[in-house]
S.K.: 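Handing you a structure now.
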Amino acid sequence: RSAGDVVRFLLLQGEPVTATQTLSDDAIELFAAELGAKVKLVDPGQEQEAELYAKYFSDDDIVPQGEAEWRAPVVTVMGHVDHGKTKLLDRIRETNVVAKEAGGITQHIGAYRAQVDNKFVTFIDTPGHEAFTAMRARGAGVTDIVVLVVAADDGVMPQTIEAIDHAKAAHVPIVVAINKIDRADADPNRVMQQLSEYGLVPEAWGGDTIMVELSALQNLGVDDLLEQLVVLAEVLELTSTKVGRAKGVVLEANLDPGRGPVATVIVKQGVLRVGSNLVAGPAFGRVKALIDEAGNPVHEAEPSTPVQVLGFSEVPSAGDEFRETAELSVARQIGSMREQRIRLAGLSAQSGAAPGAKLEDLFEQIKRGETATLNVIIKADVQGSLEAVTESLRKLERPEVKLSIVRRAVGGINENDVSLGAASNALIIGFNVRPDRRGREAAEAQHVEIRTYEIIYKMLEDIEAAMVGMLAPEY
Ligand code: GDP
């Protein structure tokens with residue numbers, strides 16, 4: 001229908017509009033009913049954006065024909081508080097980052113590259129699993145290897161176990177750094193024994209986990225760790241290509257009073273250059289300058305290289321994917337569409353966490369004939385009930401419904417469980433335990449479903465009901 005038809009119709013309905021005005025959803029529905037047409041309301045801009053995205057970033061276009069080349073592994077350091085994560089990162093930065101020009105002082109840009117012989121290892125400069133999980137929740141898996149720092153005097157502690165869970169849920173291999181071996185009470189053997197209980201068995205004992213004993217404080221064994229990372233990277237066959245348009249992930253970003261939006265990105269593919277046109281979330285722009293970890297301007301950044309980007313129109317969010325476009329106008333068009341969609345949806349770009357799995361959705365999955373997988377995190381009051389709950393859940397498994405236990409532990413449901421739940425699309429089951437306040441708030445914000453039970457058969461009833469699509473809603 002022409003704009004004139006619409007105007008005429010609405011006028012008859014007592015709604016005077018002009019042809020340049022935007023119609024409300026109600027008005028459109030009214031008009032459609034008149035025509036006998038169906039209306040599909042979609043998120044404003046979303047469809048157009050999807051079309052544009054497909055047009056400019058179709059896989060045929062991005063999968064470049066270039067040769068796969070070795071790329072540096074991207075490493076995140078995790079572990080319990082005070083076990084030496086920061087010290088280790090500092091030590092490596094001090095001794096292995098080549099300050100490329102005289103007087104070059106290493107800067108904290110969020111990541112850096114350490115040189116090992118003629119190869120590189122890229123370290124994410126923020127230790128701990130929070131950033132790791134936040135990135136993963138946004139679909140940005142950037143870490144190739146997790147270095148798990150365990151203090152030899154303290155052994156495996158709660159956050160050590162959390163870190164193992166996070167790495168495993170993300171299918172990222174773990175290299176263990178047994179730190180503080182200079183301490184008189186250091187007991188690396190005890191650490192290995194404890195880790196073996198969590199499935200990390202050292203190579204020396206017939207397992208396949210690389211474990212390096214070191215002292216970040218005294219700079220002992222740190223080189224050995226770096227070499228092991230290079231070897232593992234080769235085994236993992238990490239490759240990329242420098243051909244084709246650049247793409248990668250935004251690690252962190254902020255507004256610099258003097259320089260405008262500054263984003264640290266890690267290039268995953270292609271070569272990012274000064275002058276490249278980019279879009280990352282709603283932000284777009286032409287690269288004005290690239291700055292490396294030594295604070296020096298560089299002309300280009302290859303795969304696995306972290307670099308600060310100047311030239312974005314606004315500050316992108318950590319975890320946003322960035323893409324190079326041939327024309328600045330395309331980057332702008334896609335950026336503005338997203339901007340509009342975000343604004344209209346009243347969402348901030350930061351709150352884009354993936355929703356957790358819902359029990360109600362299970363049946364839908366089964367109906368579609370997919371093998372449904374229910375990801376769960378199980379928390380219980382005591383070890384005994386944890387075992388019992390796990391056992392009985394396992395019995396519900398059948399060919400079409402798989403159960404994947406992302407974490408099981410004794411204790412209340414906290415914020416960490418929720419963030420793991422969001423990142424791995426898991427349902428949280430509490431047995432005789434409840435979420436604490438922050439856990440509850442996080443679950444609401446991140447749309448993670450928590451179900452708590454006091455009786456095992458009630459829990460089994462619910463899950464069985466969900467499998468056949470008969471789940472009663474939870475009030
Ligand atoms: P993080 O919380 O894991 O980042 O731990 P830090 O790197 O802040 O280290 C905690 C404390 O342990 C600091 O006082 C460090 O100096 C100390 N530390 C770190 N590595 C070593 C080490 O290899 N040996 C000894 N003796 N102390 C260390």
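Both ligands and their constituent atoms are indexed starting at 1 by order of listing. Here the structure is a predicted model, which is why all the values come from computation and not from measurement.
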S.K.: Using heavy atoms and a threshold below 4.0 Å, how should the contact between Asp182 and ligand 1 be classified: side chain, backbone, both, or neither?
M.R.: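 Near ligand 1, Asp182 shows its side chain, while the N, CA, C and O stay back.
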S.K.: Can you find a non-hydrogen atom of His80 under 4.0 Å from ligand 1?
M.R.: yes
S.K.: So if I count the atoms of ligand 1 from 1 in the order they appear, which ones are less than 4.0 Å from some heavy atom of Arg183?
M.R.: 26 (N)
S.K.: If I take atom CZ from residue Phe431 and atom OG1 from residue Thr452, how far apart are they, to the nearest 0.5 angstrom?
M.R.: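 Atom-to-atom, Phe431:CZ and Thr452:OG1 are 10.5 Å apart.
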S.K.: Measure the distance from atom 9 (O) of ligand 1 to every protein heavy atom, then report the residue, atom name and distance (to 0.1 Å) of the closest one.
M.R.: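 Ranked first by proximity to atom 9 (O) of ligand 1 is Gly84 CA, 3.7 Å.
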S.K.: Mind checking whether Leu88 has an N or O less than 3.5 Å away from an N or O of ligand 1?
M.R.: no
S.K.: Using a 4.0 Å heavy-atom cut-off, which part of Lys180 comes near ligand 1: side chain, backbone, both, or neither?
M.R.: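 Lys180 to ligand 1: contacts from backbone and side chain alike.
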S.K.: Tell me, with the steps shown, if Glu162 and Asn416 meet side-chain hydrogen bond (donor to acceptor under 3.5 Å, both in side chains).
M.R.: CA-CA 8 Å; Glu162 274 175 26; Asn416 272 321; 3.2 Å; yes
S.K.: Using side-chain contact (heavy atoms from CB on, under 4.5 Å) as the criterion, point out the one residue from Val75, Ile266, Val267 that pairs with Thr122.
M.R.: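 Passing option: Ile266.
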S.K.: When you compare ligand 1 with Leu217, is there at least one nitrogen or oxygen pair between them that comes in under 3.5 angstrom?
M.R.: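 Yes, since at least one N or O of Leu217 sits under 3.5 Å from an N or O of ligand 1.
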S.K.: Under 4.0 Å and counting heavy atoms only, is there anything from the protein next to atom 13 (C) of ligand 1?
M.R.: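 Within 4.0 Å: no protein heavy atom nearby.
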S.K.: Would Ala216 count as a polar contact of ligand 1, with the cut-off being nitrogen or oxygen pairs under 3.5 Å?
M.R.: yes
S.K.: Under the side-chain contact (heavy atoms from CB on, under 4.5 Å) test against Ile377, which residue among Val448, Leu420, Ile450 passes?
M.R.: Leu420
S.K.: Are any of the N or O atoms of Lys85 closer than 3.5 Å to those of ligand 1?
M.R.: yes
S.K.: Apply salt bridge (charged side-chain N to carboxylate O under 4.0 Å, His left out) to residues Lys242 and Glu69 and explain how you reach the verdict.
M.R.: CA-CA 8 Å; Lys242 294 176 194 162; Glu69 291 179 54; 3.2 Å; yes
S.K.: Can you sort out which atoms of ligand 1 are near Lys87, meaning under 4.0 Å from one of its heavy atoms?
M.R.: 7 (O), 16 (O), 19 (C), 20 (N)
S.K.: Taking Arg113 for its side chain and Pro306 for its backbone only, find out whether a donor-acceptor pair lies under 3.5 Å.
M.R.: no
S.K.: Check for a donor-acceptor pair, side chain of His80 on one end and backbone N or O of Met157 on the other, with a separation under 3.5 Å.
M.R.: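 No: the side chain of His80 does not pair with the backbone of Met157.
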S.K.: Which is closest to atom 4 (O) of ligand 1 by heavy-atom distance: Val77, Leu89, Asp82, Thr86?
M.R.: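 Residue with the shortest heavy-atom distance to the ligand atom: Thr86.
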S.K.: Looking at Phe123 versus Tyr112, is the centre-to-centre ring distance below 6.0 Å?
M.R.: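 Phe123 vs Tyr112: aromatic centres under 6.0 Å.
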S.K.: Out of curiosity, Gln193 CD to Glu197 CD, how far, rounded to the nearest 0.5 Å?
M.R.: 7.0 Å
S.K.: Of the protein's non-hydrogen atoms, which lies at the shortest distance from atom 20 (N) of ligand 1, and what is that distance?
M.R.: Asn179 ND2, 3.1 Å
